[in-house]
Structures are given as C-alpha cells and as structure tokens.
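See structure below.
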Amino acid sequence: MSNGETDRQVAGIERAAVEALIRGEHGDPFSILGPHAFAHGLTIRTYLPGALGVELIHAVSGEVLGSLEQSSVPGLFSIRIEQQVPYRYRITWSSGVQETEDPYAFGQLLGEMDLYLFAEGNHRELGKSLGAQFTTHEGVQGVRFSVWAPNARRVSVVGGFNGWDGRRHPMRLRQPSGVWELFIPRLTPGEVYKYEILGRDGLLPLKADPMALATELPPATGSVVSAPLQFDWHDDQWLQQRQAQQGYQAPMSIYELHAASWRREGGEEGRLLSWKELGEQLIPYVQQLGFTHIELMPIMEHPFGGSWGYQLLSQFAPTARHGSPADFAAFVDACHQAGIGVILDWVPAHFPTDAHGLGQFDGTALYEYAHPFEGFHQDWDTYIYNLGRTEVHGFMLASALHWLRTYHIDGLRVDAVASMLYRDYSRKDGEWIPNRHGGRENLESIDFLRHLNDVVAQEVPGALVIAEESTAWPGVSRPTQEGGLGFAYKWNMGWMHDSLKYAAEDPLHRQHHHHQLTFGLLYAFSEHFVLPISHDEVVHGKRSLLDKMPGDRWQKFANLRLYLSFMWSHPGKKLLFMGCEFGQWREWNHDHELDWYLLRYGEHKGVQQLVSDLNGLYRHEPALHQLDGSAEGFAWLIGDDATNSVFAWLRHDKDGLPLLVVHNFTPEPRNGYRIGVPKEGAWHVLLNSDAERYAGSNAGSQGGLFSEAVASHGQPQSLSLDLPPLATLVLKPQ
C-alpha cells in the first residue's frame, strides 16, 4: 500500500472516515480535506471523483510544487509538503484542465454575529448573508454558500460546475446555529445550483436555496448565483415624498394586476412581457387612468403559474419569467420616476409542497409546523410557516425588508392574514390544536405580524404594510403600542362582499337590501380601510365585474359606472383589478391577456374614461380623501330612502368644505328630487356617471344649480336635482 496506507488508514486518515466520505455520509469534510499540520509539515488532501490527476501550484509564483498522489480510493488525492504556502490545484479531467483554489483551505466564513442574529430571529439582512453570495474571500473571488439545515447529516452544494455530484462539495456545519457553509472559489454569477441533503432517513430530493436571489425560469427549479444588486436608482425625489404621499390624508388609488396576463406580446396567449416592455406599456396606461399605485400579484418565484404567484418558494428572488433582478429594479425605478407607487403581494402564511422546496427541508419539519393540524392547510394543499420558530420568524422578517430596501418597494400587501391569526381557520372541530392558553388565536403569528409592522415602520419609514384580513379581529390597523396589529391599512372585505351582493340584485328588489350599502358606514372608520375589488372577485365562476351587474346591456354598463362611482365616493382608499376599468365581459384568465379589443366599443371606452375621471376627481378634491379614516369627513343626508334606492351623503375636507354625493340605484330617473345642503348659492355638478362622455344617456342634472332656502335633511338649504337612472352625481359648492 502506497502513501502511508494500512488496513486501517487511507492517505493518513481512518478508513471508516474515508468510506463515509465516499458514501457521501461524512458530516465534517474539513476534518479530512484541505491542509492538515503534522509533526514534519503539512498534508493536503482533496477528493475529486473522476479526476485524472492533480498538481499543487504555488498561488503566488505559479511554481508546480508537486503532484498529489492518488490513494487506493479513486479520486482521493494527497501530498505532503514541508511548510505552509498559499496554493491552488491544477486538476486534469477527461474534458480538460481546471485551476482553482481549495475550498477546504478556507477557515470559517460567517461571522459569529451573523449566526447569533439568525438564530435569534432578528437578522435584518439575510439576503446579504445566507444563500449564495458572490464575494471576494481572502483575496479570492468566488461564491460563499450557506444554508440552514440543522438536522441534516451532510449537505453539499451541487450544480453543473461539479457534475451535480454531492461528493465534490460537502459543506461545514456551524454549531449551534445549524447553518452549513462553503466557499467555492472562482464560481461566478449565472451558475445554477441546489443543495444535496442527507437527512436522518437518507438522501432527500435536491433542494432549491431558500435564500436564492435569483432562480431558473420555471418549470426548471434550480437556484441561480446572482451578484449583489448594483442598480443606479433615480427615484430620490419619490422616496423623499413617499411618506406624505402614502399617508392617511393622501389619495391612494391602486391598480392591481397580474404581470403575466395584463398584456402578452403577440396576442391573447402570446409571450410574457419583460419588465422593460411591461414598464413601457403599463406606466403610460396607469398615468392615463390616474391611479397613484400599482399592486403586483406575487412576483416572487413560484413553480406553478396557475397559483398566480401565491404558492411561492423564493422569498428573496423575483420570478425569472419577466427578466433578471436588475430588470425588476429598473421597472420599479421607472414607476417611481413616473410618480407611481409599487405595492407587492407578499405571502408569509403558507408555501407549496413541491419536493425541491421548503417542506421537510432537512428531512424534518423545519420551516413548517410538524403536526398536520398546525402545519398543513387543507384548502390550499400547502404547508404553514412555523413563525413561532425564531429562525423562520427571522427568515420572513428579512424577506419583507429585502423587497422594501433592495427593490425600493413602497408597500407589502400581506396575503391571507385571517389564516395566520386563527389556529382553527377553515378547520373542523377536533382538527386544530389550541394555543398554550387553550384559545384559537395563533399567538406566534400575531407576535410576528406585530414585530414585522414595528420593524418596517422603524427601518423603512413611509413604506406600507397592508392586511388582507376578512374577520372582525379588532385593531388590525391600530398601532401595536395601543394593542393593535400595527398594519397601515386593512382590506375592507365586508364592504366588498355586501356592496357586490347589493349591486348584483335586480333594481326592483334593491329596496329590500338597502342595508347592504348602509351597513359598511357603521364601521367605516374603525380601521384604515382599502376598498378592494380584487382578482378574487372575477374568477372561479364569480363572473366579471360587468357581468355581475343585472339587467340588459345598457343597464349592466350603467350599473357598473354607478358601482365604481359609489366606490370612489365612499370613505376608504381604492383598489381595482385590471380589466374592471373597462368592463371586461369574461372572467380573468391567468393564461390570457385582457380583452383589449373591447376598447373599440363606446360603452367600454366610456367605463375607462369614467375611471380616469373618478381618479382625477378623487385626487383633486381633498374632501374625497383627506378624512378617509375619520367620521368627521362623512355625513349622511339620505340613508333611509329604501323605496327609491337613493343614497346621499356629504364628504368634508379637513377645513370642513363639503362635496355632495347622490346615488340612484334604480333605472328610474327621479326629477325634482330634493336634497338638503349646508351652503347656499351655486353648486356645480363635478361628475354625472350617466353623461354622454361615458356612453350614458346624458340624463339628469348637469352644470350649475342654485340652492333654495328650503330646509331639508337637517340642512338650511336644499337643491332640487334631476337624478339620472342608475347613476351618481357629485356636486361642489362654488
């Protein structure tokens, strides 16, 4: 036996350890590989299955120091030298020659503070620490890999660079954090990689990197090494003004869209637009319509397009479907330069069960709860994040900050908050586990949401966190210091449900459902609300917004214009899903672009023009937005005329200046309808949703009117109005 081999040793190490290395079961490769001192010098070992030969090269002079001798174990090479020198390998493969530094010659990589903060759940910059970080270490350029897998027996980085061979680059475990790390010299951005993990019960499916900054284009599932984002931003002016522009007294009108189906290149089922193309087409359109913000359904990488992004696996990587991370940054920058805010849907509630994903990541329930009554969501066939585990809590906190900081995102809309708040959400009796007090509240998720909102408010001033929350949980948008959850806004799902149900009623029957429009005003100021007409309302057989409306073609369009006018004049910020702004007939289909051809027709063009005018009016008139969250900004005039299905109210700005809003929810014109007003003199019609401009019948009051000294509805003056059919009037005193 050569090279000091015996029955018990190979290349100077115990044969059992070598056999474990060969089987891919050795948990501490640094104890065998790399440089090791002995009495008379240094032994250097490397394990390179498939290599034909290895030379040791002086890293500075380039001198050949010697050839490593292959042991009786193919691929296990070693050499003894008399003193420590900087070195690299020259490896001969059947495909060619490779020169590289030794990954096992480097010391520990992650700092103790990084590991401490990670374990504590309070590392705010995980996107710059864990995962694949393209960096220079000890003067050598390469990629530092690190991944949390505390219960794994062995973890390796695999990719095309090592033939997807898990024996080539096993990692070092850092105790007690459970983080594995390895620096691979000379690796560059663009390399595809995964982790090969040996769990307690054997080899697991190859796992994508939970901290990946970029990914392959689905259906491929690999992670991609990405250089740190170095983008030349031009949005300083926007960021300086953002806090004021997103405050409670500011107008906020949000256009929600699905980036993959807003438009397609080449028609209905054509190619997805790149971020650059999307920006070039979307930004002028949003400006034309007057929306203040766009909200993107999840653009984090997700395996299945049919999940619309809500079953995502990459909490730090923008989807490759539309381009690179830098392309996405350029899109956000272009929006900001155009004065448009960008909100992202963000999903901390659950994740899909794909084998390459987070589920059973190291062979155990790591990111999810272990018990299916806590850790599996039956409705969505997904795992539920265990936010009570500090590392998972910190992982999701860092994800939120990553989007807000790295990509200058203006707000996160948190999906499915109700499912996070309650342990019995959508579960039958006996299929959920109570909290430590015996209650149904998910205390760990509640702590996470409060921490998230406090951290965002402190570290990214002016950024919004918005809750999609459908229950009566108190104080969702109240500060945490006052016992609330700390969100900036809450989606008003009750208003959405009641108002859509009312709007779908035949006008003949609306008098029996009058309360469905008045009820929302009883609690309209209990939270800071967004009024959402979202994607969820125009899919799965619910019909499009236009098609929900009753009546013939004329009545459907009139009802839609009336409904949108009701929404824009009602207290609360606005959110409208793409396609609703021009009255798409078909339900939304994530595989097709919107039916843009409809804009050839006057009624559809009219709805679009109305939305543009509503946004203009909403932004221009402080009474429609300044006191959205305060009862002082709203006063009923007529809330009890169920017989005529007429509603009227005043909206006030902070100086008390009023606007009059009147809705007629029947197809009957009501001429000479008297409504009390607080000011005498001339009142001007700012908006008539039945105007010819919107392809309406052009009925009802137009232009200017004068009040009369006839008291009505508790007001000293009144107006005699001609109410157009199925329409809204908005008037302002001169």
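Remember, predicted model here, so these are calculated numbers, not experimental data.
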Should Arg264 and His592 count as side-chain neighbours, where that means a heavy-atom distance under 4.5 Å? no

Has Glu444 got a side-chain atom pairing as donor or acceptor with Leu387's backbone, closer than 3.5 angstrom? no

Does Asp454 reach the main-chain N or O of His451 with its side chain, forming a donor-acceptor pair under 3.5 Å? no

Output the distance between atom CE (Met396) and atom CZ (Phe351), rounded to the nearest 0.5 Å. 10.0 Å

Rounded to the nearest 0.5 Å, how far does OG of Ser261 lie from CH2 of Trp588? 5.0 Å

Under 4.0 Å between a Lys/Arg side-chain N and an Asp/Glu carboxylate O for Lys276 and Asp327? no

Might you work through the salt bridge (Lys or Arg N to Asp or Glu O under 4.0 Å) test for Arg271 and Glu277, ending with a clear yes or no? CA-CA 11 Å; Arg271 171 180 64 78; Glu277 292 169 325; 3.0 Å; yes

Enter the distance from Leu464:CG to Arg413:CZ here, rounded to the nearest 0.5 Å. 14.0 Å

Residue pair Thr221 / Lys194, side-chain donor-acceptor N/O under 3.5 Å: yes

Side chains of Ile446 and Leu421: closer than 4.5 Å at any heavy-atom pair? yes

Value for CZ (Phe134) from OG (Ser226), rounded to nearest 0.5 Å, stands at 10.5 Å

Could you check whether Arg154 and Ser156, counting side-chain N and O atoms only, form a donor-acceptor pair closer than 3.5 Å? yes

Pair Phe231 + Tyr407: ring centers closer than 6.0 Å: no

Check against salt bridge (Lys or Arg N to Asp or Glu O under 4.0 Å), Arg88 and Glu101: CA-CA 4 Å; Arg88 63 177 183 267; Glu101 287 72 22; 5.3 Å; no

Hey, does the Lys NZ or Arg CZ of Arg172 hover above the aromatic six-ring of Phe30, less than 6.0 Å from the centre and inside 45° of the axis? yes

For Asp410 and His336, test the side chains for any donor-to-acceptor distance below 3.5 angstrom and give the result as yes or no. yes

Do Lys573 and Tyr489 make a side-chain contact, defined as non-hydrogen atoms from C-beta onward lying under 4.5 Å apart? yes

Indicate yes or no for a side-chain donor-acceptor contact from Ser177 to the backbone of Val179 under 3.5 Å, with no hydrogens or angles considered. yes

Please determine whether salt bridge (Lys or Arg N to Asp or Glu O under 4.0 Å) holds for the pair Glu181 and Arg174, giving the CA-CA distance in whole Å, both sets of side-chain angles, and the decisive distance to 0.1 Å. CA-CA 8 Å; Glu181 64 179 16; Arg174 299 288 300 277; 3.1 Å; yes

Looking at Val224 and Val192, what are the two nearest heavy atoms and their distance? CG2-CG2, 4.2 Å

Name the residue from Pro170, Pro29, Pro103 that meets the side chain to side chain contact (heavy atoms under 4.5 Å, CB included) definition with Leu182. Pro103

Would Glu587 and Val538 count as a side chain to side chain contact (heavy atoms under 4.5 Å, CB included) here? Give the steps. CA-CA 5 Å; Glu587 285 189 347; Val538 295; 5.6 Å; no

Pick from Val414, Ile409, Ile299, Leu404: which one makes a side chain to side chain contact (heavy atoms under 4.5 Å, CB included) with Trp346? Val414

From OG (Ser223) to CG (Leu213), nearest 0.5 Å: 9.5 Å

Check whether any side-chain heavy atom of Arg168 sits under 4.5 Å from a side-chain heavy atom of Leu48, and report yes or no. yes

Between the side chains of Trp93 and Gln98, is a donor N or O closer than 3.5 angstrom to an acceptor N or O? yes

Please work out whether the ring planes of Trp596 and Phe582 are parallel, tilted or perpendicular, with thresholds of 30° and 60°. tilted

Name the one of Trp180, Phe361, Tyr367, Phe395 that satisfies ring-ring contact (aromatic ring centres under 6.0 Å, His included) with Trp148? Tyr367

In short, His234 meets Asp333 closest at the heavy-atom pair N-OD1, 3.0 Å

Side chain to side chain contact (heavy atoms under 4.5 Å, CB included), paired with Met300, selected from Asp345, Leu312, Leu313: Leu312

Under 6.0 Å between the ring centres of Phe118 and His123? no

Sub-3.5 Å donor-acceptor pair from the side chain of Asp114 to the main-chain atoms of Leu110, do we have one? no

Using ring-ring contact (aromatic ring centres under 6.0 Å, His included) as the criterion, point out the one residue from His535, His302, His590 that pairs with Tyr310. His535

Can you classify the ring geometry of Trp275 versus Phe331 as parallel (below 30°), tilted (30 to 60°) or perpendicular (above 60°)? tilted

Under 3.5 Å, is there a donor-acceptor pair between the Gln315 and His402 side chains? no

Within the structure provided, determine whether Glu120 and Glu391 are in side-chain contact (heavy-atom separation under 4.5 Å). no

Under 6.0 Å between the ring centres of Trp238 and Trp233? no

Regarding Trp164 and Tyr193, do their side chains bring together a donor and an acceptor under 3.5 Å, going by distance alone? no

Hey, what's the ring geometry for Tyr255 with Phe291, parallel, tilted or perpendicular (30° and 60° as the breaks)? tilted

Side chains of His350 and Thr382: donor-acceptor distance under 3.5 Å anywhere? yes

Give a yes or no on whether a salt bridge exists between Glu468 and Lys490, defined as a side-chain N under 4.0 angstrom from a carboxylate O. no

Determine whether a donor-acceptor pair (N or O, by modelled atom type, separation under 3.5 Å) exists between the side chain of Ser307 and the backbone of Phe304. yes

What residue among Ile283, Leu272, Leu273 forms side chain to side chain contact (heavy atoms under 4.5 Å, CB included) with Leu278? Leu273

When rounded to the nearest 0.5 angstrom, what is the spacing between CD in Glu295 and CG in Leu575? 5.0 Å

